[in-house]
Amino acid sequence: MSKFVDKTLAEIVDYIRDAVFSEEYAKRKGLLQAIDTKVKFIAFMVLITANIFARNVYLIIVFFSVSLMLAALSRIPLRSYLPRVLLFIPVFTGIIALPYIFNVFQPVEGTPLLVLYDFQRVIHLPLLRPFSRIEITREGVFWASTFLARVTTAVSFAILLMLTTRWSDLVSTLTALRFPKMFVLIMGMSYRYIFLLLDLVSKMLLSRKSRVIGKEKAVKSWKLNAGILGALFIKSYDMSENIYLAMLSRGFGGEYKNIRSDSRPPGLRDYIFLSSIIGFCIFALITEVIA
Amino acid sequence: MKKAIFELDDVFYYYPTGSEALRNVSMEIYEGERVAILGPNGGGKTTLLKILDGLIPASRGSVRAFGKVLNSATLNSKEIYEFRSKVGFVFQDPDIELFSPTVYDDVAFGPQHLDIPGEEIDERVERALKLLNIVGLKDKHPYNLSGGEKRKAAIAAILSIDPEVILMDEPTSDLDPKSRSELIGIIRELNNEGKTIIISTHDVNAIPDLMDRVYVLNKTIIAEGTPQEIFSDFELIKANNLEVPEIFKLFEVLRCFGYNCEDLPLSIDEAIKQLTKVAETHEGHIHLHIHEHTHDHLDKLRDRYNHH
Ligand SMILES: Nc1ncnc2c1ncn2[C@@H]1O[C@H](COP(=O)(O)OP(=O)(O)OP(=O)(O)O)[C@@H](O)[C@H]1O
Ligand SMILES: [Mg+2]
């Protein structure tokens with residue numbers, strides 16, 4: 001596999017892991033850290049939903065600025081927050097969104113911005129609309145960038161929530177908000193073990209790298225990757241079986257009994273925070289409808 | 001006559017893949033005993049412990065615990081909860097044990113599910129954390145722990161159940177020397193409180209001081225005896241890829257230099273006792289010398305321990 005993919009994979013894993021489990025930022029004294037977790041969770045769900053309903057790319061940019069502002073007020077250095085949100089997530093959604101800038105992938109004929117190739121006749125291909133030219137259209141560019149902006153903003157909110165909240169608080173909040181206990185248990189476990197398995201992958205990639213001298217042939221490299229994938233599958237199956245047995249051993253009988261639930265009532269400041277977020281979202285969406 | 005806790009008679013176990021993990025295993029374990037299960041990788045140690053913990057039923061043969069039969073019917077019945085609160089199992093991989101958002105939650109998981117009242121849960125968790133010296137890790141996510149810290153947290157998660165029998169699958173692996181000797185101390189203390197301890201281990205240096213009895217397991221039970229009996233059986237050790245304690249090796253070397261005694265010591269404590277005795281019977285001296293066979297014997301000894 002290419003160095004790029006290896007490296008990006010490792011970086012993404014590191015970053016997301018940091019966001020979820022590192023308590024460095026969650027311990028700082030800032031705006032979001034001081035807000036009650038239940039209220040914060042709801043506020044972020046409101047923000048993400050409003051952002052999804054926003055049609056206008058400028059409005060989405062406003063939402064994104066709000067996330068930056070909140071990050072700054074929570075003493076999260078933009079230097080480390082921004083590049084990751086801006087770099088990784090859009091790179092991947094960008095790969096998905098990119099084809100849509102071309103006319104051939106669009107449902108209707110758009111306004112051409114740039115003609116890449118003119119076939120001089122109509123081409124028929126399965127699944128695609130008949131076309132005679134390949135061109136980048138205005139609508140396509142607009143649609144792709146809106147999509148990108150929306151995903152980026154949603155992700156930046158999610159990351160901000162994780163960065164400013166301890167994982168255990170987030171779990172207690174879900175229980176307090178009446179998410180089913182089993183759902184909360186499974187979600188917490190998924191997170192825990194996905195990262196464990198990803199650690200395993202990076203270890204295996206590393207040990208492979210230290211064994212390979214010189215350049216690997218592509219075929220061999222893919223075979224090794226298939227091996228890693230296979231090992232990962234077996235390991236995760238084996239682990240899930242053992243985790244279940246370990247739970248049985250400690251008295252688990254199919255019903256999860258958990259006492260971790262955040263029952264502290266939110267304070268005035270929390271309600272003010274929530275109402276200003278809701279107020280902002282309503283205002284933003286109404287402005288868009290009017291404009 | 002001591003009460004038998006586990007009685008296994010001619011137990012077989014086949015994994016669904018068809019691979020045979022245990023064959024013809026018969027054993028008895030008594031109340032308050034400390035038993036080590038020693039064996040090569042893939043020898044079936046983990047499988048045996050899972051059977052003892054009532055997690056998987058034997059494919060053939062009979063398993064009795066506290067006088068009651070453990071089979072697939074009883075394992076799925078409500079009665080099993082009583083058994084679960086009497087027997088605790090520390091898995092080989094501590095990551096398996098730690099699936100909750102904090103160490104506290106993991107340690108509380110057992111008591112919560114075994115219907116211990118709320119106030120007592122806190123007490124038990126605190127006690128277990130204190131015993132393992134990890135009170136400071138209480139609010140940490142297991143993901144952020146080191147290997148040794150995870151191991152201790154996993155052990156605390158079982159001690160909070162306060163079981164009569166503790167099964168441990170290679171508990172000393174990935175502990176640093178200090179934590180390892182702390183754990184050995186804890187195991188000894190638990191045993192002094194009357195708990196039965198069954199441990200699978202590769203750590204032969206920990207066995208002599210700690211264990212009363214050793215089973216050598218390689219699919220089937222190869223041998224059973226006191227640590228002294230097992231480690232003195234050189235053929236047995238070699239055939240099963242086992243190690244012997246370093247102290248034992250040292251005294252074998254001394255023997256090549258003319259040191260003379262029947263049973264070689266297996267641990268520092270035993271060595272001190274024995275050296276004192278030997279010195280006393282020889283007017284305060286221990287005599288070592290190079291004789292005509294010393295080099296031959298040393299070569300043989302080297303050969304022996306370099307080959308496995
Ligand atoms: N889930 C499983 N499915 C199929 N076969 C298994 C499974 N677990 C273990 N085995 C097989 O059963 C045999 C005994 O395994 P077991 O894990 O009990 O050995 P062990 O003595 O604990 O080894 P180790 O010292 O490596 O921990 C091995 O041959 C192993 O391959
Ligand atoms: Mg094992």
Side-chain angles (χ1 to χ4, degrees), chain A residues 16-18 20-24 26-27 37 162 165-175 181 184-200 234-262, chain B residues 15-16 46 49-50 52-56 75-76 78 80-85 87-116 118 121-122 125 138-145 150 154 157-158 160-161 163 167 169:
Chain A
I16 302 179
R17 182 172 51 202
D18 262 12
V20 179
F21 296 123
S22 148
E23 295 176 344
E24 191 194 332
K27 278 188 201 146
T37 311
M162 300 252 211
T165 318
R166 296 177 69 144
W167 181 244
S168 49
D169 290 343
L170 211 53
V171 172
S172 339
T173 282
L174 293 180
T175 323
K181 277 180 182 172
V184 177
L185 173 73
I186 288 170
M187 200 200 57
M189 284 171 87
S190 315
Y191 258 106
R192 163 104 174 85
Y193 290 108
I194 284 170
F195 285 104
L196 204 73
L197 291 171
L198 286 174
D199 273 353
L200 195 72
I234 293 172
K235 174 85 181 167
S236 51
Y237 177 76
D238 198 53
M239 276 183 65
S240 63
E241 196 175 80
N242 277 318
I243 293 164
Y244 177 65
L245 290 181
M247 291 169 75
L248 278 188
S249 171
R250 282 148 72 188
F252 182 74
E255 191 199 342
Y256 181 46
K257 299 172 190 163
N258 154 302
I259 47 163
R260 180 174 284 284
S261 170
D262 180 2
Chain B
Y15 277 100
T46 301
L49 290 176
K50 282 181 183 168
L52 294 179
D53 195 35
L55 296 175
I56 51 179
L75 292 189
N76 289 316
K78 283 252 177 278
I80 198 69
Y81 290 105
E82 195 198 333
F83 174 83
R84 300 255 177 261
S85 59
V87 182
F89 180 19
V90 182
F91 276 66
Q92 191 163 0
D93 175 3
D95 276 317
I96 294 297
E97 217 89 61
L98 309 172
F99 42 75
S100 306
T102 66
V103 170
Y104 183 95
D105 291 335
D106 273 321
V107 179
F109 186 92
Q112 272 164 14
H113 287 83
L114 291 164
D115 289 333
I116 308 291
I121 292 179
D122 272 342
V125 173
K138 186 161 94 167
D139 294 322
K140 278 205 171 185
H141 191 284
Y143 193 86
N144 296 325
L145 303 183
K150 279 185 196 171
I158 270 61
S160 62
I161 298 171
L167 311 168
D169 204 353

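Below, read A as the first sequence line, B as the second, and so on, with proteins coming before strands; counting in each chain starts at 1. FYI, side chains are in, hydrogens and waters are out, and symmetry mates aren't considered; it's all heavy atoms of this structure.
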Got a second to check how far [X]'s [atom1] is from [Y]'s [atom2], nearest 0.5 Å?
| X | Y | atom1 | atom2 | answer |
| --- | --- | --- | --- | --- |
| A:I243 | B:F99 | CD1 | CZ | 8.0 Å |
| B:R84 | A:S249 | CZ | OG | 6.0 Å |
| B:D105 | A:S172 | CG | OG | 7.5 Å |

Out of B:G110, B:S85, B:S160, return the one with the most heavy atom pairs under 4.5 angstrom to chain A.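 When all of B:G110, B:S85, B:S160 are compared, B:G110 has the most.
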The criterion is ring-ring contact (aromatic ring centres under 6.0 Å, His included); which residues satisfy it with A:F252, sequence neighbours excluded?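 A:F252: ring-ring contact (aromatic ring centres under 6.0 Å, His included) contacts with B:H113.
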For B:K50, what residues pass the salt bridge (Lys or Arg N to Asp or Glu O under 4.0 Å) criterion, not counting sequence neighbours?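 So B:K50 forms no salt bridge (Lys or Arg N to Asp or Glu O under 4.0 Å) with any residue.
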Test item: A:R166 side-chain N/O and B:K140 main-chain N/O as donor-acceptor pair under 3.5 Å: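 No; judged by distance alone, with no hydrogens or angles, the pair does not exist.
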With distance as the sole test, does A:R250 use its side chain to make a donor-acceptor pair with the main-chain N or O of B:Q112 at under 3.5 Å?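 The answer is no, because no donor-acceptor pair under 3.5 Å joins these two groups.
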Salt-bridge test for B:D95 and A:R192: reply yes if a basic N is under 4.0 Å from a carboxylate O, no otherwise.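 Judged by the 4.0 Å cut-off on N to carboxylate O distance, B:D95 and A:R192 do form a salt bridge.
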Yes or no on side chain to side chain contact (heavy atoms under 4.5 Å, CB included) for A:L248 and B:L55, after CA distance, side-chain angles and deciding distance? CA-CA 7 Å; A:L248 278 188; B:L55 296 175; 4.0 Å; yes
Take B:T102 and A:W167, measure what side chain to side chain contact (heavy atoms under 4.5 Å, CB included) needs, and give me the verdict at the end. CA-CA 9 Å; B:T102 66; A:W167 181 244; over 6 Å; no
Among A:M247, A:M239, A:M189, which residue forms the greatest number of heavy-atom pairs with chain B at distances under 4.5 Å?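 So the answer, after comparing A:M247, A:M239, A:M189, is A:M247.
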Can you give me the closest heavy-atom contact between B:P101 and A:V171, atom names plus distance?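 Of all heavy-atom pairs spanning B:P101 and A:V171, the closest is CG-CG1, 3.8 Å.
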For the residue pair B:Y143 and A:L196, what are the closest heavy atoms and their distance?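 That would be CE1-N, 4.1 Å.
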Can you say whether [X] sits under 4.5 Å from chain A via the side chain, the backbone, both, or neither, judging by heavy atoms?
| X | answer |
| --- | --- |
| B:Y81 | side chain |
| B:L98 | both |
| B:F89 | both |
| B:I161 | side chain |
| B:D106 | both |

Structural part of A:Y193 lying under 4.5 Å from a heavy atom of chain B: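 Answer is side chain: those atoms of A:Y193 sit under 4.5 Å from chain B.
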Does B:Y15 have more than 12 heavy atoms from other residues, nucleotides or ligands lying within 6.0 Å of its OH?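 More than 12 heavy atoms, drawn from other residues, nucleotides or ligands, come within 6.0 Å of this atom.
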